[in-house]
Amino acid sequence: MLSVDIEKLYPAAKTLVKAHAASRIHAKDATLYDFSADAQACAEKYMGWADLASQPQCSLDEVRAFADEAVASGIDTVILIGQGGSTQAPMTITKYNKQDKNRVSFKTLDSDSPVRVREMLTGCDPEKTLVIISSKSGSTIEPRMLLEAVRASFDKTLGENTVKHLVAVTDPGSDLEAQARAEGWCAVFPGEPTVGGRFSALSVFGLLPAALAGIDLDAFMAHAVEAEEACSEDAIDNPAINLAAFLYDNYLKGRNKFSFLTPKRGRVLGLWIEQLVAESLGKEGQGILPNIEIDSLLLTEDPGDRSIIMYQTKTDLWDESRNFEMSLAYIDNAIPRLNYRIDSVEELAEHFVMWEYAIAMCGYLMQVCPFDQPDVASAKAEVTEILKNGQPDPHFTEVFTESVDMGRVEVTFAPMFEGCEDLHETLYALLSSIQPGDFFALNAFLPFTGEGRREAIETIRHGVAESFNVVSCLEVGPRYLHSTGQLQKGGPNMGVYLILSADELKDIPLPEGAAAASLGDLAKAQAAGDLITLAKRGRRCVHLHLPDNSGVTLRLLAQVVEDVIADILTDRALAEAAAIAEDEELAEATAVVETAAASEAAVAGEFSDAAEDADAEGEVVEAPAETGAAAAEEADV
């Protein structure tokens, strides 16, 4: 059952209990959000998630039967195509269970990188592969384009039988449902329209992948039911209330970020939490940023702007456990923290419920609607416009390395960097704008597989974090557009963004009539659209479109960034030294003036004393004279 090591009771817990927030959420009472007519109207449409554990919206028997039959027929690989909430919970469940042996190889495809798509398709046999296309709306551009790419590959082997390997998970009435039924796909599983994507972990979007992986749905949902009972109670020991109060009260104190610390196995849960928190609360100038990358040595002293949420997970490797413990050993105890533990994949269900309830309560406390994502839609509109009318021209292009010509980088930036004429100057302006309390995000529309790629990108991310002592995030495009992208655009203006995309050495073309000519074109349009949307909101952002995404090109870019950071730090050190010298000169000058003033005062004091002495002597001389005169007068008499 849910357990938490909590240091103290946070004041907001009493507020939530008094407002009956937990029971009202369970009852789907949208008036909890009556601080705004729009928020209440949105809540009325999207609170169906609150009782999914006790009132499942799909038949567990049907889901289990389909999964068992698919595996019995010889399916050994499942590819899940989707974006955002349609993939995050399934990825968390299946990756967490991987160490306990999924009964199929489960792959999640939410990247439009041709490198990633080819890697995934090369590693599977179409005859033994089931492809699930998950999209609530059925019209999200990434899944639609990825489906086209996968079908074109499968058709080479399966021909007309490709459709027998396709499964749709989508809301009733969507275009995807119509297509699947018209073409005779293997199966169609309807979603629940009142359940938003990031709150859909316990719906068919999460349960079908869990069943295919071989997870016991009855045990999984039993844990969820226990958590739902605990989290819907208006009690001070409600775990969701404690989590919500922890996040909110620390937010009020300026801790608007939290570091998510966990062994390697638990990091995939961080991706789900990241989307839920950032997309639900990051709007109207407010927001809490989850930081799921581990830079624990940056927490040896309390930076004042973040808290810690730590998850212990079951692992059979002593060295991995010890490595994680050592990463925590030097963290400043002054930083507020919550400690959780997960020992089995079934226990994930409890934490899905707890976090969903907690974030819904945070929305109430912060007075933002936790169920919409207005800035995600804005970014989609920009991408659609670019695909229709073509890419905007960059501000300039240049060969970005001096020692070897790797091709030209296209550079585009927000209006506040107008006047920058080369890459070094642009990156200097971007990174030198980082201030205490900011965060840095590397929004990368790049493959993260292959030699040297991930390492180069992490070099940039970690270099910024270490050099400027700020939260530094690595955001995978286009996934983050449906996750932290909402907070980046709608939350507080505390982010600094470097957007990366690249030409493809071997692009994957899409059929005539598709929204994009190729997957590479789609990725570049999404990166450009992100820059436009961020810039319109006054964010500090730069988009670099590289000539290719090879490991060596990314390493050279990392070197350029390292050089820029070194220059910034050198200039800051020189400025600080000059300021200290100026202060010392001022102090010396002040001391001289004070000494001179003291000398003048001393001299003036001496003159004053002398005058007083003279006056005193005059008084002494006159007194006898007066006495003598008086005596003479007496004598004359």
Side-chain angles (χ1 to χ4, degrees), residues 58 60 63-111 113 116-135 142-143 146-147 149-150 153-154 164-170 185-187 189 191 197 200-217 219-221 264-272 275 313-315 342 344-349 352 447-449 476 479:
C58 62
L60 298 185
V63 171
R64 183 167 39 238
F66 174 84
D68 291 345
E69 184 178 339
V71 174
S73 71
I75 293 295
D76 64 9
T77 302
V78 175
I79 296 177
L80 173 64
I81 297 175
Q83 203 59 238
S86 298
T87 57
Q88 293 290 21
M91 184 160 50
T92 296
I93 295 167
T94 56
K95 280 195 173 184
Y96 189 91
N97 195 57
K98 189 174 181 179
Q99 290 188 24
D100 298 327
K101 305 300 182 184
N102 291 328
R103 62 176 176 176
V104 296
S105 174
F106 202 98
K107 305 174 184 293
T108 302
L109 182 56
D110 63 353
S111 168
S113 165
R116 177 64 174 154
V117 173
R118 277 194 299 272
E119 178 188 51
M120 192 165 291
L121 293 177
T122 300
C124 69
D125 176 0
E127 293 279 3
K128 299 179 180 180
T129 301
L130 191 70
V131 180
I132 304 173
I133 299 87
S134 284
S135 173
E142 298 94 343
L146 289 169
L147 171 60
V150 170
S153 176
F154 274 41
K164 299 302 180 184
H165 291 254
L166 303 179
V167 175
V169 183
T170 186
W185 288 17
C186 177
F189 288 91
S200 65
L202 298 180
S203 75
V204 69
F205 284 89
L207 296 180
L208 177 61
L212 286 163
I215 294 167
D216 184 341
L217 292 189
F220 189 79
M221 294 301 282
K264 183 178 179 181
R265 185 176 188 179
R267 289 177 200 165
V268 69
L269 174 60
L271 288 172
W272 180 82
Q275 182 194 13
T313 59
K314 179 185 176 183
T315 175
I342 295 179
S344 69
V345 69
E346 289 83 11
E347 289 181 6
L348 278 174
F352 288 150
F448 288 77
T449 57
V476 180
R479 178 193 297 162

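How far CD1 of I75 is from CG of D125: 9.0 Å, rounded to the nearest 0.5 Å. Note that the CD atom of E119 and the OG1 atom of T449 stand 4.0 Å from one another [nearest 0.5 Å]. Here OG1 of T170 is found 6.0 Å from CZ of F205. Values are rounded to the nearest 0.5 Å. R267 contributes atom CZ, which lies 12.0 Å from atom NZ of K95 (distance to the nearest 0.5 angstrom). If you take CZ on F352 and CD1 on I93, they are separated by 4.5 Å, rounding to the nearest 0.5 Å. Rounded to the nearest 0.5 Å, atoms CZ (F220) and OG (S344) are 9.5 Å apart.
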I'd like to know whether R479 forms a side-chain contact (heavy atoms from CB on, under 4.5 Å) with Q275, so could you lay out the CA-CA distance, the side-chain angles of the two residues, the decisive distance to 0.1 Å, and finally the verdict. CA-CA 10 Å; R479 178 193 297 162; Q275 182 194 13; over 6 Å; no
Checking side-chain contact (heavy atoms from CB on, under 4.5 Å) for the pair F154/L166: CA distance, chi angles, key distance, verdict? CA-CA 11 Å; F154 274 41; L166 303 179; 5.8 Å; no
Run the side-chain contact (heavy atoms from CB on, under 4.5 Å) check on L269 and I342 step by step: do they pass? CA-CA 11 Å; L269 174 60; I342 295 179; 3.8 Å; yes
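Within the 4.5 Å cutoff, side-chain heavy atoms of R103 are placed close to those of D68. Contact check for C58 versus F189: no side-chain heavy atoms found under the 4.5 Å cut-off. Between M221 and L202, the closest side-chain pair of non-hydrogen atoms falls below 4.5 Å. Contact of the F66 side chain with the L130 side chain is registered, since non-hydrogen atoms from C-beta on lie closer than 4.5 Å. Taking the side chain as every heavy atom from C-beta outward, I79 and C124 approach each other to under 4.5 Å.
Taking every heavy atom of both residues into account, L109 and R116 meet most closely at CD1-CG, 4.2 Å. When all heavy atoms of L212 and V104 are compared, the closest pair comes out as O-CG2, 3.5 Å. The two atoms that bring G266 and T313 nearest to each other are CA-CG2, 3.8 Å, heavy atoms only. Counting all heavy atoms, side chain and backbone alike, K314 lies closest to Y96 at N-OH, 3.9 Å. Shown here for L80 and S134, the closest heavy-atom pair between the two residues is CD1-OG, 3.4 Å. When every heavy atom of V63 is checked against every heavy atom of A211, the shortest pair comes out as CG1-CB, 3.9 Å.
Between the S73 side chain and the A70 main chain, a donor and an acceptor come within less than 3.5 Å of each other. Put simply, the side chain of H165 never gets that close to the backbone of V131: no donor and acceptor are under 3.5 Å apart.
The side chain to side chain contact (heavy atoms under 4.5 Å, CB included) test with V345 is passed by exactly one of D216, N102, N97: N97.
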